[in-house]
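Here's the structure, in structure tokens; my notes come after.
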Amino acid sequence: MKLTPIKLNPSQMAWRAAQDIADGAYVNLGIGFPEMVAKFQPPGREAIFHTENGILGFGAAPAPGEEDWDLINAGKKAVTLKPGTAFFHHADSFAMVRGGHLDVAILGAYEVAETGDLANWSTGPKGVPAVGGAMDLVHGAKQVAVLTDHVTKDGKPKLVQRCTLPLTGVACVTRIYSSLAVIDVSGGRFVLREKLAGLSLDDLQALTGATLHLDGPVADLIVPEL
Amino acid sequence: MKLTPIKLNPSQMAWRAAQDIADGAYVNLGIGFPEMVAKFQPPGREAIFHTENGILGFGAAPAPGEEDWDLINAGKKAVTLKPGTAFFHHADSFAMVRGGHLDVAILGAYEVAETGDLANWSTGPKGVPAVGGAMDLVHGAKQVAVLTDHVTKDGKPKLVQRCTLPLTGVACVTRIYSSLAVIDVSGGRFVLREKLAGLSLDDLQALTGATLHLDGPVADLIVPEL
Amino acid sequence: MDKALPDLATAVAGIDDGMTVMIGGFGGSGAPIELIHALIDRFLATGHPKDLTVVNNNAGNGHVGLAALIEAGMVRKLICSFPRSADPVVFTEAYRAGAIELELVPQGTLAERIRAGGAGIPAFYTPTSFGTDLAQGKPVAEFEGRPYVQERWLKADVALVKAHLGDRLGNLSYRMAGRNFNPLMCMAAARTIVQVSQIVEPGGIDPEAVVTPGIFVQGVVEVPNPAQEEDLNLAGAVYPEAAA
Amino acid sequence: MDKALPDLATAVAGIDDGMTVMIGGFGGSGAPIELIHALIDRFLATGHPKDLTVVNNNAGNGHVGLAALIEAGMVRKLICSFPRSADPVVFTEAYRAGAIELELVPQGTLAERIRAGGAGIPAFYTPTSFGTDLAQGKPVAEFEGRPYVQERWLKADVALVKAHLGDRLGNLSYRMAGRNFNPLMCMAAARTIVQVSQIVEPGGIDPEAVVTPGIFVQGVVEVPNPAQEEDLNLAGAVYPEAAA
């Protein structure tokens, strides 16, 4: 480890999120950055990964050229079998999701509100809308975490008082792993848990679109170089 | 065959019902007399039998002493495997029932009304009520047939204008195989299709609690000695 | 992760007074006789659990399994479709004496309510029971010109389930029609405890033939050569034997 | 009873203009490419079927399979959850040109609506989409203090399905995650046509491992070594080739 960087890269955000996943947890990782969380499971812990298209307990990506296109995840990327993998159809898969059987779902976000509202499926009426399993995943998982840059590419806050983009779900997000901080969403408030050591609370607040509340000490957000 | 008997015995009723089951039909037979229908499939026809507890395409009863108590029908009687048997859980089993996938369900009856209402699960507030799968079976099967004595042991009509016992289903019965006649239930009326040759229409009407309508010729109800 | 439990007593240890307990099986097929008897043993030793609400298709037969659970006085209410059997004397006497409450549910509705509980569906509409006494007090709605009854999900604190093979991840296969309500109850309970004839290594059940994926299971206990209720009843068995 | 069909042309013969057609698969896995291409062949030869409403999780990829069906101009409306892919140009262009209607449905709701269609459940409640644009116009109800959206069943005239093994009774097994929507669509269509890699004798699929019992299937056609959509797209394939 070296000096804390200005902001975490996606691998580092994924690493941080992975530290909170308990041994034996059932986890669904959203398409994109959240998929990287699987790579950073701490030694000695065995999480079981669920994918919407009907696999529980799949393994890592196969070597190039070894893909079997009947063995893919929700992002249509090839995965592998592990001892104890199970296959099932889509209705059973979403019974797992909607029925509250997942421990953690980790998703990307366009905006997260202090109310826990999430917007991550549509940037508005332009373009082709696509929702996939996001609206199902935000209901049912015991923890719905978001993995996201703290601000947009234009530097605007992604953590806001109220979402302006079309919602994925209402009052559903419980924790945010951002590129600058770890924040719980609780009782309609953002509660700061960890922040980069090189970043003052005032600077972090300035990059956040709603008030950051404190509830006990704020730890340094420390991650390895990745 | 000999002279038509005064009334059909249960085997003969079951035989008559079996003649109407097409090759390849999916059939659920109620507990009791209706179960006998399976024995009388005409040669060259292969119906597929469904049982509520999760078997499709099972075979006849095993020899005594050969029972496997994990391989039973809805009446908790032992059955056997056949090539092509499939097992499934109760929700899938009743998806077959409720979803309209069965061609024929054949049930017993306390009373059948000319409206198609059926009463076959409760003789009233005395005793322990038990419904099983009857209320599900009367919905979904393309044909819901009843196999029943034409009158009660006391000689009272079981085919009536309106049921007096608690209903199993409303407007659900499509055909009745009684000990005296074959009657369709159509448009809120009993339509006589076949009757025993030795029985006059007036005599049959006297044993029936609602008007028997004619819609085309009435055939003789002819069955083998069984 | 290892969901294997060392013995039956451990398997039933967390079941408390007043809980709703789903018990798999259709008649005797797929009935977790040994788990039920272990629960009775605990009640006889400790006085708990009692006042249970039990969900099962039936109401027990003879004096073993579910019938013995009722006979021991542990069951306050039964939710079932068909409380009759070859020898239903235990339930019938308790019911006539007003010692047990009965909620009668059509069999397909019972199965679908349990699945709904496991699938996060709080209510659904079914044609089953429309116009009958069993629809009394339930909302009715018309869809495409046909009337339907609204039914609610059914969940449990604990499910006691019988499967055939199981692994330490909780993956299960069943044996023939012993499947019945068992996979649904695994989904609908906060804590699902399964007796299996054999615990195998992960991968020991073909991933294509896993009927219950491990996510629906919290504990697995091995019971080789489990008893069949019908065999026990044909032999005139009574549980516990001392009560005979 | 023999549900085996002699060839793909026979398999798709009964699909008429304006029908609702469910097509199995999630992306390319479990997608019945050969059945879809046979349907395109029929359209090119006869001008039918057209004005189809297609139900699929996605909207096709590249210029084969579902994308080719859309490109041929046969699809009036698409009901799906995720009309994006590595190369979604065919759907995207048709959608932007107003040539195809889109009904966007959350993936789990899509699966449950199809299952409901097959199971005779006309409506159910789900937490999914509550408070979002996709719940607009749908009834909302509260159960145990939480709000839910009412969703309706989804049925089809025909389902085109890909399985692994099949027998003449219509029993099916699938291959890994190629299962996905296929077993549900078998249940929800008036007529389910299945391409299988191999037709086996009844009993050739272990009765414990039958995923789709034959009652849900009307026709089975053998397509050995079926194409994978991903392989076709990696090779830059276009269907029909003449259009390339």
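Here is how names work: the chains are called A, B, and so on, in the same order as the sequence lines, proteins then strands, and each is numbered from 1.
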Below 4.5 Å, heavy-atom pairs only: which of [options] has the largest tally toward chain A?
| options | result |
| --- | --- |
| D:Pro106, D:Ala135, D:Gly131, D:Ala59 | D:Pro106 |
| D:Gly27, D:Gly25, D:Pro83 | D:Pro83 |
| D:Cys80, D:Ser29, D:Gly108, D:Pro183 | D:Gly108 |
| D:Ala31, D:Pro147, D:Gly28, D:Ser129 | D:Ser129 |
| D:Asn58, D:Leu110, D:Asn182 | D:Asn58 |
| D:Ala111, D:Pro88, D:Ala177, D:Ser85 | D:Ala177 |

Side chain, backbone, both or neither: which part of [X] has a non-hydrogen atom closer than 4.5 Å to chain D?
| X | value |
| --- | --- |
| A:Asp68 | side chain |
| A:Ile72 | both |
| A:Phe94 | side chain |
| A:Ala74 | both |
| A:Thr168 | backbone |

Please classify the contact between [X] and chain A as side chain, backbone, both or neither, with a heavy-atom cut-off of under 4.5 Å.
| X | result |
| --- | --- |
| D:Leu102 | side chain |
| D:Arg115 | side chain |
| D:Thr109 | both |
| D:Arg113 | neither |
| D:Val211 | neither |
| D:Phe181 | both |
| D:Asn57 | side chain |

When you look at CZ of A:Phe40, are more than 12 heavy atoms from neighbouring residues, nucleotides or ligands closer to it than 6.0 Å?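 Atom CZ in A:Phe40 is crowded, with more than 12 foreign heavy atoms closer than 6.0 Å.
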
Within a radius of less than 6.0 Å around NZ of A:Lys156, do more than 12 heavy atoms belonging to other residues, nucleotides or ligands occur?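 Open: at most 12 neighbouring heavy atoms sit under 6.0 Å from NZ of A:Lys156.
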
D:Gln228 and A:Asp70 side chains, donor-acceptor separation under 3.5 Å: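 Side chains of A:Asp70 and D:Gln228: pair found under 3.5 Å.
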
Name the residue from D:Leu134, D:Asp133, D:Leu104 that meets the side chain to side chain contact (heavy atoms under 4.5 Å, CB included) definition with A:Pro129.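 The passing option is D:Leu104.
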
Do you know which two heavy atoms are closest between [X] and [Y], and how far apart they sit?
| X | Y | answer |
| --- | --- | --- |
| A:Gly133 | D:Gln107 | N-NE2, 3.4 Å |
| A:Val128 | D:Arg96 | N-NH2, 4.3 Å |
| A:Phe87 | D:Arg179 | O-NH1, 3.5 Å |
| A:Ala91 | D:Glu112 | CB-OE1, 4.3 Å |

List in chain and number order the residues that pass side chain to side chain donor-acceptor pair (under 3.5 Å) with A:Lys39, two or more places apart in sequence or in another chain; answer none if no residue qualifies.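 Per chain and number, A:Lys39 pairs via side chain to side chain donor-acceptor pair (under 3.5 Å) with no residue.
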
Ring centre gap for A:His139 and D:Phe130 strictly below 6.0 Å: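 No, the ring of A:His139 stays outside the 6.0 Å limit from the ring of D:Phe130, centre to centre.
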
As an exercise, state the distance from [atom1] of [X] to [atom2] of [Y], rounded to the nearest 0.5 Å.
| X | Y | atom1 | atom2 | result |
| --- | --- | --- | --- | --- |
| A:Asp136 | D:Thr128 | CG | OG1 | 4.0 Å |
| D:Met176 | A:Thr85 | CE | OG1 | 10.0 Å |
| D:Phe26 | A:Thr51 | CZ | OG1 | 6.5 Å |
| D:Leu184 | A:His90 | CG | NE2 | 8.5 Å |

If you count heavy-atom pairs under 4.5 Å with chain D, which of [options] comes out on top?
| options | result |
| --- | --- |
| A:Glu67, A:Glu52, A:Lys76 | A:Lys76 |
| A:Cys172, A:Gly132, A:Gly169 | A:Gly132 |
| A:Val131, A:Leu137, A:Val138 | A:Val131 |

Between A:His89 and D:Tyr174, is any pair of side-chain heavy atoms under 4.5 Å apart?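 They are not in contact (no side-chain heavy atoms under 4.5 Å apart), so the answer is no.
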
